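To start, the structure itself, in structure tokens.
Bear in mind the structure is a predicted one, so any value in this text is a computation, not a measurement. Count residues from 1 along the sequence.
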Amino acid sequence: MRKLAYALFALCLISQIESRACTNVIITKGASADGSCMVSYAADSHWLYGELYFRPAADWKAGSKHHVIEWDTHKPLGYIDQVAHTYQTVGNMNEHQLIIAETTWGGREEQMDPAGIMDYGSLIYVTLQRAKTAREAIETIVNLANTYGYPSEGETFSIADKDEAWIMDLVGKGADNKGIVWVARRIPDGYISAHANQARITRFPLDDPETLYAPDVISFAREKGWFDGKDEEFSFREAYCPLDFGTVRGCDARAWSAFNILCDSQFTYVENGEEVTKPASGWLDYAMGYDLQGEMPLWVKPSRKITVKNVADVMRDHFEGTPMDMRTDIGAGGNASPYRWRPMEFEYDGKTYVNERAIATQQTGFWFVAQARGWLPDVVGALQWFGCDDAATSYLTPVYTNTSKVPECLRQGNGNLLKYSPTSQFWMCNRVTNACYRMYDRMEPVVRKAIDEFENEQMGGRVAQIDELLLKVYNGRSGKHPGRRGAVRRVVRGLTNYTVQTASDQFAAWAELEETLLVKFIDGNVKAQNEDGTFVHSEYDEGTPDGLTQPGYTEKWKEAVAKDHGEVLQIR
């Protein structure tokens with residue numbers, strides 16, 4: 001068995017193609033401010049390009065086949081039977097408001113099946129084309145994996161529809177056993193959950209309709225010698241993905257941080273059948289990998305109703321305000337950068353140390369917060385907020401899933417990791433973000449202000465206004481009566497125009513922001529600006545700045561440099 005050592009912390013499992021280290025947050029409709037089910041996802045990979053996958057609905061002739069291409073590698077894996085009709089999908093959501101996202105957790109090496117066809121990415125995107133509800137999605141995932149084989153590593157899936165939100169752990173059964181062992185649990189309404197590259201389901205009820213599992217999930221573990229207790233004591237995680245320091249510090253710590261933020265540092269959860277509330281700090285030693293016995297709840301009740309903006313901002317977290325805060329040690333450099341380049345660990349003087357892995361990270365390909373809004377018809381209700389690159393310094397633009405067109409800046413094929421495109425949102429967001437890495441404590445606030453202005457406008461009311469207009473058209477109250485089909489067509493035209501125009505306008509705004517950052521912060525200077533955004537200039541020349549400052553470095557950096565090289569640098 002491959003030891004789940006600290007290398008798994010980075011999920012760089014020797015092969016460069018397996019580089020995912022993602023984060024999901026799941027919000028049930030009873031926990032959300034507007035009654036939507038929400039799933040957030042950061043697709044974090046050094047080998048993943050940020051673009052918006054678009055597959056229109058289609059009808060297929062009998063006998064048609066679907067060609068499966070592995071998501072990570074683009075390697076052709078084989079063919080599976082096509083269904084008669086596939087639903088439209090945009091990104092990780094379909095036209096019926098079904099959302100599926102994932103995080104990879106590795107597992108035991110012998111559980112991989114190299115002959116399998118349905119890799120984890122294909123399970124997501126094929127299932128979205130075939131299922132309407134979360135329960136249908138679970139059944140579809142299981143049937144596809146068991147029929148065609150599963151070649152990927154262990155996964156946790158977030159699956160949500162208009163009414164229910166589920167968390168599902170699954171892993172293969174090895175080269176000699178086609179298919180998967182799995183368990184899925186419905187998150188109680190009013191609660192939230194999170195996962196980040198570590199199996200999350202431990203013990204589970206064996207006779208609860210809100211818990212589904214493979215019939216051999218326990219017996220298979222017994223057969224392999226990974227479990228020998230009573231059935232009711234069985235823990236999926238302990239059998240198939242045991243904890244170690246790396247899988248907790250590099251993975252579950254992110255789930256803990258999301259809970260800590262959304263629950264205002266108080267975890268309310270069910271213990272021995274009763275709801276209890278305890279400080280989040282009670283699990284800090286667990287999150288830091290010091291106490292692996294302190295099992296963190298699978299779901300918690302937030303202290304307030306959660307908005308889509310709350311979830312978006314959680315995805316921007318760097319452990320701020322905790323002992324893992326990445327801005328506070330000398331590794332942050334002279335400008336308090338909450339980033340550490342890879343690898344995820346380093347050695348010095350015979351000891352090994354951590355480079356923290358926060359929710360927000362530099363290698364994000366794309367990220368989103370998707371909303372299933374059951375009070376609206378599917379054509380309007382299916383909505384996702386989509387972004388590219390590092391969540392901390394990139395924006396989310398609204399994308400209606402029933403759009404008939406993807407914005408050019410997000411179009412699949414508009415550039416790639418080896419080909420720059422000046423019209424790609426991924427590349428423009430990378431330009432802004434990589435600029436910020438130079439003087440993070442000075443530049444990030446400028447970018448964050450622009451993000452908040454845009455998202456607060458869109459999330460705080462603009463999209464609701466568009467929803468209302470679309471709903472009037474859908475219900476025939478717009479002054480025109482084209483019939484139901486005609487009304488739906490007009491709704492699709494309207495939401496497509498809004499999706500495309502908003503994304504295009506914000507892309508242009510981000511291009512302007514990148515120019516502003518260059519001018520404002522060139523060469524370590526900070527140029528002053530007026531309230532209207534124009535630069536302050538001297539009274540004699542409009543091209544000469546006035547009020548220019550040179551802020552220097554943090555006190556932590558000064559202290560470290562003085563101790564390291566002070567004898568040479570000290571002014572005498």
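A salt bridge links K558 to E555: one of the charged nitrogens lies within less than 4.0 Å of a carboxylate oxygen. A salt bridge does not link E139 with R135: every distance from a Lys NZ or Arg NE/NH1/NH2 to an Asp or Glu carboxylate oxygen is 4.0 Å or more. Taking 4.0 Å as the cut-off between side-chain N and carboxylate O, E347 and K351 do not count as a salt-bridged pair. Remark: K29 engages D163 in a salt bridge, criterion side-chain N to carboxylate O under 4.0 Å. A salt bridge links K301 and E275; the closest N-O separation between the charged side-chain nitrogens and carboxylate oxygens is under 4.0 Å.
Remark: R185 is not positioned above the aromatic ring of W166, lacking an NZ or CZ atom under 6.0 angstrom from the ring centre and at most 45 degrees off the axis.
Using modelled atom types and a 3.5 Å distance limit, the side chains of T23 and R254 yield a donor-acceptor pair. Using modelled atom types and a 3.5 Å distance limit, the side chains of S219 and D216 yield no donor-acceptor pair. Between the side chains of D389 and Q363, no donor-acceptor pair of N or O atoms lies under 3.5 Å. For the 3.5 Å distance criterion, the side chains of T104 and E155 qualify, holding a donor opposite an acceptor. Side-chain contact annotation: N92 with Y125, donor-acceptor N/O pair under 3.5 Å present. Judged purely by distance below 3.5 Å, without hydrogens or angles, the side chains of T277 and T268 pair a donor atom with an acceptor atom. If you check the side chains of Y437 and N335, you find no donor sitting under 3.5 Å from an acceptor.
Of the possible polar contacts, none joining the R373 side chain to the Q97 backbone as a donor-acceptor pair under 3.5 Å is found. Within the 3.5 Å criterion, the main-chain N or O of P151 finds no donor-acceptor partner in the side chain of D113. A donor-acceptor pair under 3.5 Å is absent between the side-chain atoms of T247 and the main chain of L243, judged by distance alone. The backbone N or O of C251 sits nowhere less than 3.5 Å from a side-chain atom of N197 that would complete a donor-acceptor pair. The backbone N or O of N24 lies less than 3.5 Å from no partner atom in the side chain of S40, so there is not a single donor-acceptor pair. At least one donor-acceptor pair under 3.5 Å links the side chain of N310 to the backbone N or O of T307. Checking side-chain atoms of T322 against main-chain N and O of M324 turns up a donor-acceptor pair under 3.5 Å. A donor-acceptor pair under 3.5 Å links the side-chain atoms of T554 to the main chain of W557, judged by distance alone. Between the Y240 side chain and the V171 main chain, no donor and acceptor come within less than 3.5 Å of each other. Under a 3.5 Å cut-off, the side chain of Q266 and the backbone N or O of C263 do not form any donor-acceptor pair.
The one candidate from R342, R249, R327 that meets the salt bridge (Lys or Arg N to Asp or Glu O under 4.0 Å) condition with E356 is R249. Applying ring-ring contact (aromatic ring centres under 6.0 Å, His included) to F259 and the options Y191, F267, W299 leaves one that passes, F267. Checking each of W71, F426, F366 against Y49 for a ring-ring contact (aromatic ring centres under 6.0 Å, His included) leaves exactly one that passes, namely F426. Tested against E455, the residues K449, R316, R448 include a single salt bridge (Lys or Arg N to Asp or Glu O under 4.0 Å) partner, R316.
Once rounded to the nearest 0.5 Å, the distance linking CG of L123 with OH of Y120 reads 11.0 Å. Note that CD1 of I26 and CZ of F157 are 12.0 Å apart. Values are rounded to the nearest 0.5 Å. Atom CZ of F386 sits about 7.5 Å away from atom CD of Q425, to the nearest 0.5 Å. For the atom pair W427 CH2 and C429 SG, the distance stands at 12.0 Å (nearest 0.5 Å). Rounding to the nearest 0.5 Å gives a distance of 13.0 Å between CD of E238 and CD1 of I201. Going from atom CD1 of I27 over to atom OG of S193 covers 9.0 Å, rounded to the nearest 0.5 Å.
Of all the heavy atoms in A336 and D441, the pair that sits closest is CB-CB, 4.2 Å. The shortest heavy-atom contact between C241 and Q198 is O-NE2, 3.2 Å. Considering all non-hydrogen atoms of both residues, A137 and I159 come closest at CB-CG2, 3.8 Å. Considering all non-hydrogen atoms of both residues, D390 and T364 come closest at N-CB, 4.0 Å. Residues T127 and I100 come closest through the heavy atom pair CG2-CD1, 3.7 Å. Taking all atoms of both residues into account, the shortest heavy-atom contact from W510 to T393 is CZ2-O, 4.0 Å.
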Worked verdict on D44 versus T361 for side chain to side chain donor-acceptor pair (under 3.5 Å): CA-CA 8 Å; D44 301 335; T361 185; 5.6 Å; no

Apply side-chain contact (heavy atoms from CB on, under 4.5 Å) to the pair F245 and V354, showing each step before the final yes or no. CA-CA 11 Å; F245 174 85; V354 171; 3.7 Å; yes

Using the side-chain contact (heavy atoms from CB on, under 4.5 Å) rule, take K305 and S32 through it: C-alpha gap first, then chi angles, then the decisive distance, then the call. CA-CA 5 Å; K305 296 293 186 180; S32 70; over 6 Å; no

For E70 and S122: C-alpha separation, side-chain torsions, deciding distance, then whether side chain to side chain donor-acceptor pair (under 3.5 Å) applies. CA-CA 7 Å; E70 188 170 34; S122 298; over 6 Å; no

Quick one, Q371 with W385, criterion side chain to side chain donor-acceptor pair (under 3.5 Å). Give me CA distance, side-chain angles, the key distance, then yes/no. CA-CA 8 Å; Q371 291 185 274; W385 303 85; 2.9 Å; yes

Set out, in order, the CA-CA distance, both residues' side-chain angles and the distance that settles side chain to side chain donor-acceptor pair (under 3.5 Å) for T156 and W105, then state yes or no. CA-CA 7 Å; T156 299; W105 42 263; 3.0 Å; yes

Verdict with supporting geometry, D252 and R200, side-chain contact (heavy atoms from CB on, under 4.5 Å): CA-CA 8 Å; D252 264 4; R200 291 282 281 124; 3.6 Å; yes

Apply salt bridge (charged side-chain N to carboxylate O under 4.0 Å, His left out) to residues R203 and D231 and explain how you reach the verdict. CA-CA 9 Å; R203 292 172 299 279; D231 283 3; over 6 Å; no

Kindly indicate, with the supporting measurements, whether the criterion side-chain contact (heavy atoms from CB on, under 4.5 Å) is fulfilled by C388 and N430. CA-CA 8 Å; C388 296; N430 266 279; over 6 Å; no

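The number of heavy-atom neighbours closer than 6.0 Å to CG of D228, taken from other residues, nucleotides and ligands shown, is 12 or below. Annotation: Y269, atom OH; neighbour count of heavy atoms from other residues, nucleotides and ligands within 6.0 Å is above 12. Other residues, nucleotides and ligands place more than 12 heavy atoms under 6.0 Å from the CD atom of E232.
For residues 258-271, every residue pair satisfying the salt bridge (Lys or Arg N to Asp or Glu O under 4.0 Å) rule, not counting sequence neighbours, is listed here: D264-R304, E271-K278.
Not counting sequence neighbours, Y286 has no partner by the ring-ring contact (aromatic ring centres under 6.0 Å, His included) test.
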